[in-house]
Amino acid sequence: MDKKIIYSGIQPTGLVTLGNYIGALSNWLKLQDNDEYQCIFSIADLHSLTVRQVPSEFRNRALSFFAQYLACGLDPQKNIMYFQSHVHEHAELTWILNCITYIGEASRMTQFKEKSQKHPDNINMGLMDYPVLMAADILLYNTSLVPVGVDQKQHLEIARDLAARFNNAYSPTFTVPEPYISKVGAKIMSLQNPLAKMSKSDSNLNATISILDSQDDIMRKFKRAVTDSDNEIRIGEDKPGITNLITIYACSKGISVEDAVKELQGLSYAALKEAVGVSVVDLLAPIKSRYDELIKDKDGLLAIAKAGQEQASSIARKTLRKVYKKVGLVQL
Ligand code: TYM
């Protein structure tokens with residue numbers, strides 16, 4: 001394959017949020033139409049096992065996430081779309097990379113520290129190994145570009161370090177990937193606490209918009225969104241709630257933040273929240289109706305996943321064979 005590779009994924013925990021859509025999926029949608037690249041998008045289901053899952057719910061949720069990828073407009077004719085667990089080379093490359101990853105660097109990851117605090121009774125090896133599995137995802141496909149939100153930047157750095165370390169220790173093998181992070185919308189904040197990112201596992205459902213929320217739920221959540229004490233509509237570090245709402249409006253309408261501020265100028269905060277809610281309803285309503293159709297056809301979804309698995313495996317197999325040879329494992 002001579003096209004450059006773009007790789008990204010979402011782990012099927014909680015809900016696909018408006019943050020995931022604006023920070024990641026909306027960029028994937030743009031990139032899938034760029035002929036210079038082959039895009040590969042996975043459901044990072046092995047990553048989700050680092051927190052406890054109820055197996056039957058987990059299985060349904062993972063398939064639902066896959067349907068949501070399609071409902072958003074990702075095209076399986078243009079992209080390779082598959083489940084991470086269907087390509088066993090991910091786990092195998094993780095082992096090789098584990099053997100060149102230092103405990104110190106893995107334990108310094110912000111997300112590891114945060115998740116350890118959140119689940120003190122389940123600080124498992126997988127939680128610490130999470131970024132190494134993510135590095136394996138990326139490096140298996142010789143990825144050039146990884147479109148993600150800003151919270152994944154640190155994980156991208158470790159993937160780059162591991163690629164360079166392996167290349168130096170053996171010989172040039174992996175492409176060192178670059179992050180692709182939008183200037184606007186790379187960190188959508190919680191509607192209830194605009195100082196924290198909108199998180200798919202937030203227990204306060206008013207804080208998060210799911211891309212499948214009903215119109216009523218979307219409008220209600222924006223109505224309750226936390227703002228500031230004055231009534232100015234502008235972007236600023238001192239105005240995190242309003243900045244977040246303006247950003248959401250701009251991204252939902254596909255306009256610049258400056259134009260969004262102009263359009264929203266002069267509105268009361270209640271009217272601002274209404275306008276932002278409507279922009280999000282307009283964005284998400286078609287996705288929800290496509291999703292409702294797609295999720296009915298489980299066999300159709302699995303057929304797409306199977307085709308994706310075959311395409312992904314054929315690339316992953318070659319990379320892993322090369323890696324096994326370089327580290328000195330006996331080849332048959
Ligand atoms: P995950 O599942 O937490 O998030 C998926 C994507 O959504 C972005 N994102 C956000 N962007 C803007 N605002 C937010 N509030 C917000 N919340 C999440 C994330 O940055 C991410 O791009 N480890 C990854 C999944 C993964 C992956 C990969 C990504 C597994 N393997 C390989 C890239 C390449 C994760 O947990 O993302």
Side-chain angles (χ1 to χ4, degrees), residues 5-29 31 39-51 61-62 65 68-69 72 74 80 82-85 87 90-91 93-94 97 109-112 114-115 118 126-127 129-160 162-163 177-202 207-211 240 243-244 247-248 251-252 312 316:
I5 300 288
I6 287 183
Y7 189 98
S8 202
I10 296 184
Q11 53 159 333
T13 4
L15 306 159
V16 181
T17 68
L18 184 63
N20 298 136
Y21 185 88
I22 293 176
L25 282 157
S26 66
N27 287 326
W28 304 1
L29 289 169
L31 292 166
C39 295
I40 309 180
F41 300 122
S42 72
I43 298 290
D45 49 1
L46 295 174
H47 276 105
S48 298
L49 294 174
T50 54
V51 295
R61 191 182 325 114
F65 269 51
Q68 289 178 67
Y69 275 12
C72 286
L74 291 178
I80 299 177
Y82 73 104
F83 288 78
Q84 181 190 38
S85 62
V87 178
H90 289 252
L93 182 59
T94 301
L97 296 179
M109 294 287 114
T110 313
Q111 219 170 74
F112 170 67
E114 278 171 9
K115 287 198 177 163
K118 203 165 159 197
L127 208 53
D129 212 17
Y130 186 106
V132 185
L133 176 59
M134 180 163 157
D137 297 345
I138 296 166
L139 301 185
L140 258 186
Y141 300 92
N142 278 313
T143 303
S144 297
L145 218 52
V146 185
V148 282
V150 88
D151 62 330
Q152 295 300 321
K153 198 163 175 244
Q154 203 181 29
H155 291 160
L156 240 290
E157 272 154 23
I158 205 170
R160 288 169 55 82
L162 291 176
E178 297 288 338
Y180 176 103
I181 299 173
S182 290
K183 288 205 178 67
V184 178
K187 192 171 186 188
I188 298 298
M189 309 310 273
S190 152
L191 297 184
Q192 289 298 308
N193 174 10
L195 297 175
K197 82 163 185 178
M198 183 181 284
S199 161
K200 55 160 90 110
S201 49
D202 199 320
T208 304
I209 302 283
S210 151
I211 64 167
T243 299
N244 194 36
T247 305
I248 292 174
C251 293
S252 299

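Both ligands and their constituent atoms are indexed starting at 1 by order of listing.
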Peer 1: Working to the nearest 0.5 Å, report the span between CD1 of Ile158 and NZ of Lys153.
Peer 2: 14.5 Å
Peer 1: Starting from atom 15 (N) of ligand 1, find the nearest protein heavy-atom neighbour and note its residue, name and distance.
Peer 2: Ile188 O, 2.8 Å
Peer 1: Please work out whether any backbone atom (N, CA, C, O) or any side-chain heavy atom from C-beta onward of His47 is under 4.0 Å from ligand 1, and answer side chain, backbone, both or neither.
Peer 2: side chain
Peer 1: Is it true that Lys200 lies under 4.0 Å from ligand 1, counting heavy atoms only?
Peer 2: yes
Peer 1: State whether a side-chain donor-acceptor pair under 3.5 Å links Asn244 with Thr247.
Peer 2: no
Peer 1: If we only count heavy atoms from C-beta on, is the Val16 to Tyr21 side-chain gap below 4.5 Å?
Peer 2: no
Peer 1: For atom 24 (C) of ligand 1, which of Gln11, Lys153, Gln152 has the closest heavy atom?
Peer 2: Gln152
Peer 1: Answer with yes or no whether the side chains of Thr94 and Asp129 bring together a donor and an acceptor at under 3.5 Å.
Peer 2: no
Peer 1: Provide the number and element of each atom of ligand 1 under 4.0 Å from a heavy atom of Ile138.
Peer 2: 32 (C), 34 (C)
Peer 1: Would Ile22 count as a contact of ligand 1 if the rule is a heavy atom under 4.0 Å away?
Peer 2: no
Peer 1: After noting the C-alpha distance and the side-chain angles of Met198 and Leu191, does the key distance pass the side chain to side chain contact (heavy atoms under 4.5 Å, CB included) rule?
Peer 2: CA-CA 7 Å; Met198 183 181 284; Leu191 297 184; 4.1 Å; yes
Peer 1: Find all atoms of ligand 1 within a distance of less than 4.0 Å from any non-hydrogen atom belonging to Gly185, and give their numbers and elements.
Peer 2: 12 (C)
Peer 1: For a quick test of reading the model, state the closest non-hydrogen atom pair linking His155 to Pro131 and the distance between them.
Peer 2: CD2-CB, 3.8 Å
Peer 1: Is a side-chain N or O of Tyr69 found less than 3.5 angstrom from the main chain of Ser42, in a donor-acceptor match?
Peer 2: yes
Peer 1: Ala186 heavy atoms, cut-off 4.0 Å: which ligand 1 atoms fall inside?
Peer 2: 11 (N), 12 (C), 13 (N)
Peer 1: Between Ser190 and Gln192, is there a side-chain donor-acceptor contact under 3.5 Å, judged purely by atom types and distance?
Peer 2: no
Peer 1: Of all the non-hydrogen atoms in the protein, which one sits nearest to atom 9 (N) of ligand 1, and at what distance?
Peer 2: Asn20 ND2, 3.6 Å
Peer 1: Numbering the atoms of ligand 1 from 1, which are under 4.0 Å from a heavy atom of Ala44?
Peer 2: 30 (C)
Peer 1: Tell me which part of Ser8 gets within contact of ligand 1: side chain, backbone, both or neither, using heavy atoms under 4.0 Å.
Peer 2: both
Peer 1: Using the side-chain contact (heavy atoms from CB on, under 4.5 Å) rule, pick out the option among Ile5, Ile181, Leu156, Ile6 that qualifies with Val146.
Peer 2: Leu156
Peer 1: Measure the distance from atom 19 (C) of ligand 1 to every protein heavy atom, then report the residue, atom name and distance (to 0.1 Å) of the closest one.
Peer 2: Asp151 OD1, 3.3 Å
Peer 1: Side chain, backbone, both or neither: which applies to Asp137 and ligand 1 if a contact is any heavy-atom pair less than 4.0 Å apart?
Peer 2: side chain
Peer 1: Taking Gln84 for the side chain and Leu46 for the main chain, is one N or O donor matched with an acceptor at less than 3.5 Å?
Peer 2: yes
Peer 1: What are the atoms of ligand 1, with element, lying closer than 4.0 Å to any heavy atom of Val146?
Peer 2: 33 (C), 34 (C)
Peer 1: What are the atoms of ligand 1, with element, lying closer than 4.0 Å to any heavy atom of Tyr7?
Peer 2: 32 (C), 34 (C)
Peer 1: Flag the pair His90 / Tyr141 as yes when their ring centroid distance falls below 6.0 Å, and as no otherwise.
Peer 2: yes
Peer 1: Which residue and non-hydrogen atom of the protein lie closest to atom 11 (N) of ligand 1, and at what distance in Å?
Peer 2: Gly19 O, 3.2 Å
Peer 1: Who gets closest to atom 27 (C) of ligand 1 by heavy atom: Pro177, Ala135, Gly9, Ser199?
Peer 2: Gly9
Peer 1: What atoms of ligand 1 come within less than 4.0 Å of a heavy atom belonging to Tyr130?
Peer 2: 23 (N), 24 (C), 35 (C), 36 (O)
Peer 1: Rounded to the nearest 0.5 Å, what separates atom NZ in Lys197 from atom OG1 in Thr17?
Peer 2: 8.0 Å
Peer 1: Any idea which atoms of ligand 1 are less than 4.0 Å away from a heavy-atom of Ala24?
Peer 2: 6 (C), 7 (O), 22 (O)
